[in-house]
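All values reported here derive from a predicted model rather than from experimental measurement.
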Amino acid sequence: MQKQLRKAFPRWIDNLKQDKNVLSLSDDFDSLLGCSLLRSYFGLKINQFYDFNKIYEIIPTNKEVIGVDQAIQYGKTFDNHVVAFNYNDYINNESANINAILRINRENYTDKYCMSTALLIYSLYNIPLPSTLEGKRVLLAIDSGYLGFYSDFFKDTYLSYIRQMELDPLIEVLERSTINDFEEVKRKYHLKSKITINENGILKTDIDLSSLEGLFLLDLKLPERPFTLVKTLNKPRKGQVNPNKKYSVKNTKNLYSFALTKKNQYKYTMEE
């Protein structure tokens, strides 16, 4: 990642410690890959699971929790969502999120970073990309992070982020690939499948993690130890923006997580 952009990130990203931090996993492959990278390079372990309705943990701990691919309103997190309605809206200043740092919001929504949280982590820590074409396609397929390249309207913005993040080798992959190539790897590895928790507190998924381990040369296994419920939130809600109304995240009581999923659509979770 270019120095000017990286300097804008919260300083905690350079102080990750195995004896001080644990990770919070959410329900998809983007979060799991991000957690696996942070475990491989910094020794950080998953101790929490957040499924957007409930929070579980493996063991009680005094270590600070860092979210991965979570648009939480407070606390440390790696994220990629648009998290504000307007430029002056509240933004979690501990969020390591390009869109938060650049104050991307509903009013300039088409200027957003639209690739994955895992790809952000690759860039932040200058982690080598997968060596194979297939591996790079999978990386771009997460969160449909390839689509911006194929949009005449958005392509220049998309390439600007690729270059600022110093991920230029991915441009050749995009040029050599079609949208169908990326859709195929999604199907092949079940990338859209969710991570869930069963009645015994064990995580499970249909994502083809064993095959993906060979592409990423990472341990992508889910934690084997059972999780225990520690907090229940209100079920996630969705909203539609009314153009005639003003919206703000600021001063919204008990808001746990919030993200604009489209320019005029949002999703949020409230604490009980």
Side-chain angles (χ1 to χ4, degrees), residues 9-84 90-101 104 113 115-125 127 142-143 194-197 203 205 220 222-223 227-236 249 252 254-261 266-272:
F9 276 74
R11 293 277 52 88
W12 64 260
I13 65 169
D14 291 321
N15 293 289
L16 301 179
K17 303 290 183 184
Q18 187 176 3
D19 60 344
K20 293 182 179 179
N21 303 115
V22 290
L23 301 175
S24 178
L25 170 72
S26 60
D27 67 351
D28 63 13
F29 183 61
D30 191 9
S31 182
L32 179 60
L33 178 55
C35 286
S36 298
L37 291 167
L38 295 168
R39 178 174 55 196
S40 178
Y41 284 85
F42 299 101
L44 305 189
K45 296 180 179 179
I46 296 169
N47 190 60
Q48 190 179 95
F49 176 63
Y50 169 48
D51 67 359
F52 299 93
N53 181 206
K54 297 176 180 178
I55 299 173
Y56 306 82
E57 66 179 15
I58 296 175
I59 57 171
T61 180
N62 292 322
K63 294 181 181 180
E64 187 172 29
V65 177
I66 297 174
V68 180
D69 195 33
Q70 298 177 18
I72 53 179
Q73 290 291 289
Y74 50 85
K76 296 177 173 61
T77 185
F78 292 95
D79 189 32
N80 66 336
H81 296 89
V82 177
V83 293
Y90 169 81
I91 289 177
N92 176 5
N93 62 13
E94 290 194 292
S95 178
N97 174 356
I98 290 180
N99 288 319
I101 287 162
I104 303 299
Y113 167 75
M115 289 169 276
S116 66
T117 298
L119 201 52
L120 170 66
I121 292 170
Y122 270 98
S123 175
L124 277 172
Y125 298 109
I127 298 171
I142 299 169
D143 278 4
K194 293 295 185 180
I195 299 167
T196 59
I197 189 165
L203 299 185
T205 187
L220 293 171
L222 293 169
F227 287 76
T228 301
L229 177 65
V230 293
K231 189 170 188 175
T232 299
L233 306 166
N234 288 314
K235 289 185 178 180
V249 175
T252 304
N254 301 323
L255 186 62
Y256 186 79
S257 66
F258 168 84
L260 281 165
T261 52
Y266 56 94
K267 187 175 181 179
Y268 64 100
T269 303
M270 305 288 290
E271 297 190 58
E272 291 188 331

Item checked: Counterpart residues, ring pair (Phe, Tyr, Trp, His ring centres under 6.0 Å), relative to Y113 (two or more places apart) -> Y161
Next item on the list: List in chain and number order the residues that pass side-chain hydrogen bond (donor to acceptor under 3.5 Å, both in side chains) with Y50, two or more places apart in sequence or in another chain; answer none if no residue qualifies.
Entry: S257
Check: So, for N97 and H81, which heavy atoms are closest and what is the spacing to 0.1 Å?
Finding: ND2-O, 2.8 Å
Notebook entry, point to check: Between I55 and Y256, is any pair of side-chain heavy atoms under 4.5 Å apart?
Noted result: yes
Margin query: Closer than 3.5 angstrom, by distance alone: can the side chain of S36 be matched with the main-chain N or O of L32 as a donor-acceptor pair?
Written below: yes
Next item on the list: Could you note down all residue pairs passing salt bridge (Lys or Arg N to Asp or Glu O under 4.0 Å) where residues 51-77 supplies at least one of them, sequence neighbours left out?
Entry: E64-K76, K76-E94
Notebook entry, point to check: For D19, what residues pass the salt bridge (charged side-chain N to carboxylate O under 4.0 Å, His left out) criterion, not counting sequence neighbours?
Noted result: none
Next item on the list: Could you tell me whether a side-chain N or O of N99 sits under 3.5 Å from a main-chain N or O of V83, the two making a donor and an acceptor?
Entry: no
Notebook entry, point to check: Is it true that a side-chain atom of Y125 and a backbone atom of I13 form a donor plus acceptor pair closer than 3.5 Å?
Noted result: yes
Checklist line | Side-chain donor/acceptor of D143 to backbone N/O of M115, under 3.5 Å | finding: no
Next item on the list: Kindly say whether L233 contributes a backbone atom to a donor-acceptor pair with the side chain of N53 at under 3.5 angstrom?
Entry: yes
Note to self: Can you tell me how far apart CG (N254) and OH (Y268) are? Round to the nearest 0.5 Å.
What the structure shows: 12.0 Å
Item checked: Test log, rule side chain to side chain contact (heavy atoms under 4.5 Å, CB included), inputs L120 and I98 -> CA-CA 8 Å; L120 170 66; I98 290 180; 3.9 Å; yes
Next item on the list: Work out which heavy atom in G75 is nearest to a heavy atom in N92; give both atom names and the distance.
Entry: O-ND2, 2.8 Å
Next item on the list: Return the set of residues passing side-chain hydrogen bond (donor to acceptor under 3.5 Å, both in side chains) with N47 (not counting sequence neighbours), or none when no residue passes.
Entry: none
Next item on the list: Check P223 against L203 and note the closest heavy-atom contact, atom names and distance.
Entry: CD-CD1, 4.0 Å
Notebook entry, point to check: Residues two or more places apart in sequence or in another chain: which of them pass ring pair (Phe, Tyr, Trp, His ring centres under 6.0 Å) with F49?
Noted result: none
Next item on the list: Output the distance between atom CZ (R39) and atom CG (L23), rounded to the nearest 0.5 Å.
Entry: 8.5 Å
Check: Which heavy atom in F52 sits nearest to a heavy atom in P236, and how many Å separate them?
Finding: O-CG, 2.9 Å
Note to self: So, applying side chain to side chain contact (heavy atoms under 4.5 Å, CB included) with I46, which one of V22, V68, L38, L25 is it?
What the structure shows: L25
Check: What is the minimum heavy-atom distance between S26 and S31, and which atoms define it?
Finding: N-OG, 2.9 Å
Note to self: Run the side chain to side chain contact (heavy atoms under 4.5 Å, CB included) test against I101 and tell me which residues pass, sequence neighbours left out.
What the structure shows: A8, F9, P10
Notebook entry, point to check: Just how far is it from atom OG1 of T205 to atom CD1 of I197, taken to the nearest 0.5 Å?
Noted result: 13.0 Å
Checklist line | L260 side, atom CG; Y266 side, atom OH - distance, nearest 0.5 Å | finding: 9.0 Å
Checklist line | Step-by-step side chain to side chain contact (heavy atoms under 4.5 Å, CB included) determination, I66 to N21 | finding: CA-CA 7 Å; I66 297 174; N21 303 115; 3.8 Å; yes
Notebook entry, point to check: Sequence neighbours excluded, which residues qualify as salt bridge (charged side-chain N to carboxylate O under 4.0 Å, His left out) partners of K194?
Noted result: D27
Next item on the list: Taking side-chain hydrogen bond (donor to acceptor under 3.5 Å, both in side chains) as the test, write out the residues that go with T77, two or more places apart.
Entry: none
Notebook entry, point to check: What heavy-atom pair brings T252 and M270 nearest, and what distance separates the two atoms?
Noted result: CG2-CE, 4.4 Å
Next item on the list: Just jot down the side-chain hydrogen bond (donor to acceptor under 3.5 Å, both in side chains) partners of Q73, sequence neighbours excluded, or say none.
Entry: none
Checklist line | OH-OG1 distance between Y122 and T117, expressed to the nearest 0.5 angstrom | finding: 13.5 Å
Margin query: Run the side chain to side chain contact (heavy atoms under 4.5 Å, CB included) test against A118 and tell me which residues pass, sequence neighbours left out.
Written below: D30, L33, S116
Item checked: ring pair (Phe, Tyr, Trp, His ring centres under 6.0 Å) partners for Y41, two or more places apart -> none
Next item on the list: State the CZ-CD distance between F78 and Q70, to the nearest 0.5 angstrom.
Entry: 12.0 Å
